[in-house]
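Reckoned from all heavy atoms, side chains included, excluding hydrogens, waters and symmetry mates. Just so it is clear: chains get the letters A, B, ... in the order the sequence lines come, proteins before strands, and each one is counted from 1. None of these values were measured; they are calculated from a predicted model.
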Protein chains: 2
Amino acid sequence: MFKLCVLIIVMSIDKKEHIMDVAVALFAEKGYEGTSIRDLAHEADVNIAMINYYFGSKEKLFVALLESKARYMREKIDAVQNDASLTELEKLNQIIDGYVNRFLSQPAFHRVLQQELLVTNREILHQNVIELFTKNTQDVVSIIEKGVRKKIFKKVDPPLLFASIIGTINQVMLSRSICNILMNKAPGTDPYQDPELKKRITQHIKQLVQDHLSIQPALQKQK
Amino acid sequence: MFKLCVLIIVMSIDKKEHIMDVAVALFAEKGYEGTSIRDLAHEADVNIAMINYYFGSKEKLFVALLESKARYMREKIDAVQNDASLTELEKLNQIIDGYVNRFLSQPAFHRVLQQELLVTNREILHQNVIELFTKNTQDVVSIIEKGVRKKIFKKVDPPLLFASIIGTINQVMLSRSICNILMNKAPGTDPYQDPELKKRITQHIKQLVQDHLSIQPALQKQK
DNA sequence: TTGAATTAAACAAACGTTTAATTAATTTTT
DNA sequence: AAAAATTAATTAAACGTTTGTTTAATTCAA
């Protein structure tokens with residue numbers, strides 16, 4: 001009896017956030033168009049009208065969702081970039097850690113973002129996601145470029161190297177089934193729960209990036 | 001007058017294929033759920049009922065679409081794998097060429113595939129796409145593994161290296177806007193038309209893979 | 001004349017959104 | 001502090017569209 005009371009209070013304090021949590025999960029599974037307000041209301045255990053009451057419309061709910069969940073990586077990259085004590089390679093490694101941690105800990109939200117990048121006709125939503133991406137890209141690219149200028153790194157294609165970093169994680173996150181295939185796990189299990197996965201991905205990307213960037217002593221001598 | 005006649009004949013011969021072409025374009029832009037049969041019928045300039053007449057249902061249209069367009073990479077990988085005259089690195093390079101060519105020449109179809117991987121609740125469609133992916137993954141992974149066993153390659157994480165290859169291309173294909181940002185092009189242009197892009201991606205991935213796999217003489221000596 | 005291709009119209013179901021009524025909570029007045 | 005007034009939260013029902021699909025009639029080709 002008492003427990004039930006507490007539950008109700010907690011729910012009503014941030015019902016908005018509760019709806020948003022359910023929305024991320026449903027959008028991730030069924031897509032934005034594939035998720036109906038009725039589905040959402042039923043799953044979140046609220047009245048259908050409450051969603052428009054709180055957010056105004058389905059589209060505005062989506063935008064609210066983006067804004068509340070997307071600040072993290074922006075701040076992380078900013079912090080790393082302004083840390084003068086780090087070498088360019090260390091910066092990259094920290095950014096890789098950041099992305100892997102972030103993406104793997106919020107697979108549903110991440111899936112929603114990816115979907116919105118692929119579907120171009122919902123322009124407002126699409127544009128919102130693009131903006132999120134642009135600044136991060138430019139920052140990471142400029143770190144790589146700086147390393148190349150300093151001749152700490154080999155001459156590479158910075159934007160495409162960033163694409164490889166993000167793309168590797170995205171590929172693993174593309175679908176549970178594909179991740180299970182890649183990771184040699186039994187189909188049906190949730191691979192993103194496994195802490196081993198995070199370690200493996202981080203290690204692989206860091207090694208890949210380092211191999212690609214590092215100036216080989218042998219090659220230097222030959223010149 | 002004569003020209004019009006020919007056009008009509010051609011259209012009626014493979015009207016099915018015409019519908020499928022329009023479907024790919026619309027699905028890519030608006031998503032599967034976001035594309036209505038009416039949109040599709042209007043865009044393809046056929047009656048609404050014709051789509052169900054030809055394909056049975058919207059879902060069956062989608063499956064037909066997959067089956068007609070997805071054989072290519074399968075055959076390409078098969079051919080490369082069975083070519084005994086190639087080293088493992090050459091095989092990988094040819095597969096990279098294959099994927100880049102394929103993905104960049106059919107960006108719309110590729111987008112549709114990606115969408116279906118991200119949305120898990122349309123199980124029949126999802127499963128169809130997964131199956132396409134599984135065999136290719138296993139083949140490429142086994143090529144890398146063979147190279148590692150032969151000690152031609154460094155000890156790496158083969159499934160994740162495959163994820164990096166595909167993931168890099170996918171990242172570039174994720175959205176026109178993102179590709180323009182990555183490639184430093186003016187927003188609004190279609191980057192996939194540019195032949196330079198294909199060359200740049202291929203080069204980058206090949207270099208990335210080679211750096212990651214190659215056993216460095218310097219390191220060998222140290223041992 | 002038979003069978004396939006094509007059409008406009010209608011189908012029920014589901015969609016996002018709005019309404020108007022009711023309950024709950026908060027503030028103001030007594 | 002109690003009652004009244006006001007605002008906010010919540011509800012069920014209905015709104016007009018749009019959805020995928022089907023029908024029954026018609027046109028076309030063999």
Side-chain angles (χ1 to χ4, degrees), chain A residues 4-24 26-27 29-66 112 115-116 119 121-125, chain B residues 1 4-20 22-24 26-27 29-66 112 115-116 119 121-125:
Chain A
L4 183 67
C5 238
V6 171
L7 183 69
I8 289 166
I9 290 167
V10 167
M11 261 198 55
S12 76
I13 285 177
D14 42 346
K15 208 168 202 169
K16 272 186 84 165
E17 229 162 295
H18 173 62
I19 292 173
M20 280 164 70
D21 285 345
V22 175
V24 180
L26 286 186
F27 286 162
E29 193 191 331
K30 303 158 174 268
Y32 174 79
E33 306 266 7
T35 305
S36 72
I37 299 275
R38 281 167 183 82
D39 279 352
L40 179 46
H42 180 258
E43 204 75 19
D45 211 25
V46 298
N47 189 275
I48 314 168
M50 291 309 291
I51 285 146
N52 281 333
Y53 176 74
Y54 275 131
F55 298 95
S57 72
K58 190 186 179 187
E59 194 170 87
K60 283 177 188 165
L61 158 62
F62 189 99
V63 175
L65 212 155
L66 287 191
V112 175
Q115 285 175 24
E116 222 45 41
V119 175
N121 75 318
R122 297 194 286 276
E123 289 188 38
I124 309 157
L125 308 185
Chain B
M1 187 60 172
L4 183 68
C5 237
V6 170
L7 182 69
I8 290 167
I9 291 167
V10 167
M11 261 197 54
S12 77
I13 284 177
D14 42 343
K15 208 167 201 169
K16 273 187 83 165
E17 229 162 297
H18 173 61
I19 292 173
M20 282 164 68
V22 175
V24 180
L26 286 185
F27 287 162
E29 192 192 332
K30 302 157 176 267
Y32 174 79
E33 306 265 7
T35 305
S36 71
I37 299 277
R38 279 167 186 81
D39 280 351
L40 179 47
H42 180 258
E43 204 75 20
D45 211 27
V46 298
N47 190 275
I48 316 166
M50 292 308 291
I51 284 144
N52 280 333
Y53 176 75
Y54 276 130
F55 297 96
S57 72
K58 190 186 179 186
E59 194 171 86
K60 282 177 189 165
L61 158 63
F62 189 99
V63 175
L65 214 155
L66 286 191
V112 174
Q115 285 176 23
E116 222 43 43
V119 175
N121 75 318
R122 297 194 287 274
E123 288 187 39
I124 310 158
L125 307 186

Chemist: Could you tell me whether the phosphate oxygens of D/dA9, OP1 or OP2, come under 4.0 Å of any side-chain nitrogen or oxygen in A/Asn47?
Modeler: no
Chemist: So, does A/Asn52 get its side chain near the phosphate of C/dT17, meaning an N or O under 4.0 Å from OP1 or OP2?
Modeler: yes
Chemist: Report the distance from atom CG of A/Asp45 to atom P of D/dA9, rounded to the nearest whole Å.
Modeler: 18 Å
Chemist: Step by step, work out the side-chain contact (heavy atoms from CB on, under 4.5 Å) result for B/Tyr32 and B/Val119.
Modeler: CA-CA 10 Å; B/Tyr32 174 79; B/Val119 175; over 6 Å; no
Chemist: Return the value, rounded to whole Å, for the distance between atom CD1 of A/Ile37 and atom P of C/dA14.
Modeler: 16 Å
Chemist: Taking any heavy-atom pair under 4.0 Å as a contact, classify B/Ile51: base, sugar-phosphate, or nothing.
Modeler: nothing
Chemist: Is the backbone N or O of A/Leu61 less than 3.5 Å from a side-chain atom of A/Tyr54, with the two atoms forming a donor-acceptor pair by type?
Modeler: no
Chemist: In terms of ring plane angle, is the pair A/Phe62 and A/Phe27 parallel, tilted or perpendicular, where the classes change at 30° and 60°?
Modeler: tilted
Chemist: Atom CZ of B/Phe55 to atom C1' of C/dA5: distance rounded to whole Å?
Modeler: 15 Å
Chemist: Let me know the distance between NE2 of B/His42 and P of C/dT7, rounded to the nearest Å.
Modeler: 13 Å
Chemist: When you get a sec, tell me which of D/dT21, C/dT7, D/dT10 is the closest nucleotide to the side chain of B/Ala49?
Modeler: C/dT7
Chemist: Check the phosphate of D/dT19 against B/Lys58, side-chain N and O only, distance under 4.0 Å to OP1 or OP2. Yes or no?
Modeler: no
Chemist: Could you check which of C/dT19, C/dA5, D/dT21 has an atom nearest any side-chain atom of B/Met50?
Modeler: C/dA5
Chemist: Rounded to the nearest Å, what distance is computed from the CD1 atom of residue B/Ile48 to the C1' atom of nucleotide D/dT21?
Modeler: 10 Å
Chemist: Should A/Glu33 and B/Lys30 count as an ion pair when the cut-off is N to O under 4.0 Å?
Modeler: no
Chemist: Is the phosphate of C/dA5, meaning OP1 or OP2, less than 4.0 Å from a side-chain N or O of B/Tyr53?
Modeler: yes
Chemist: Are B/Ser36 and D/dT18 close enough that a side-chain N or O sits under 4.0 Å from OP1 or OP2?
Modeler: no
Chemist: Look at the side chain of B/Arg38 and decide which nucleotide, out of D/dT19, C/dT6, C/dT17, has an atom nearest to it.
Modeler: D/dT19
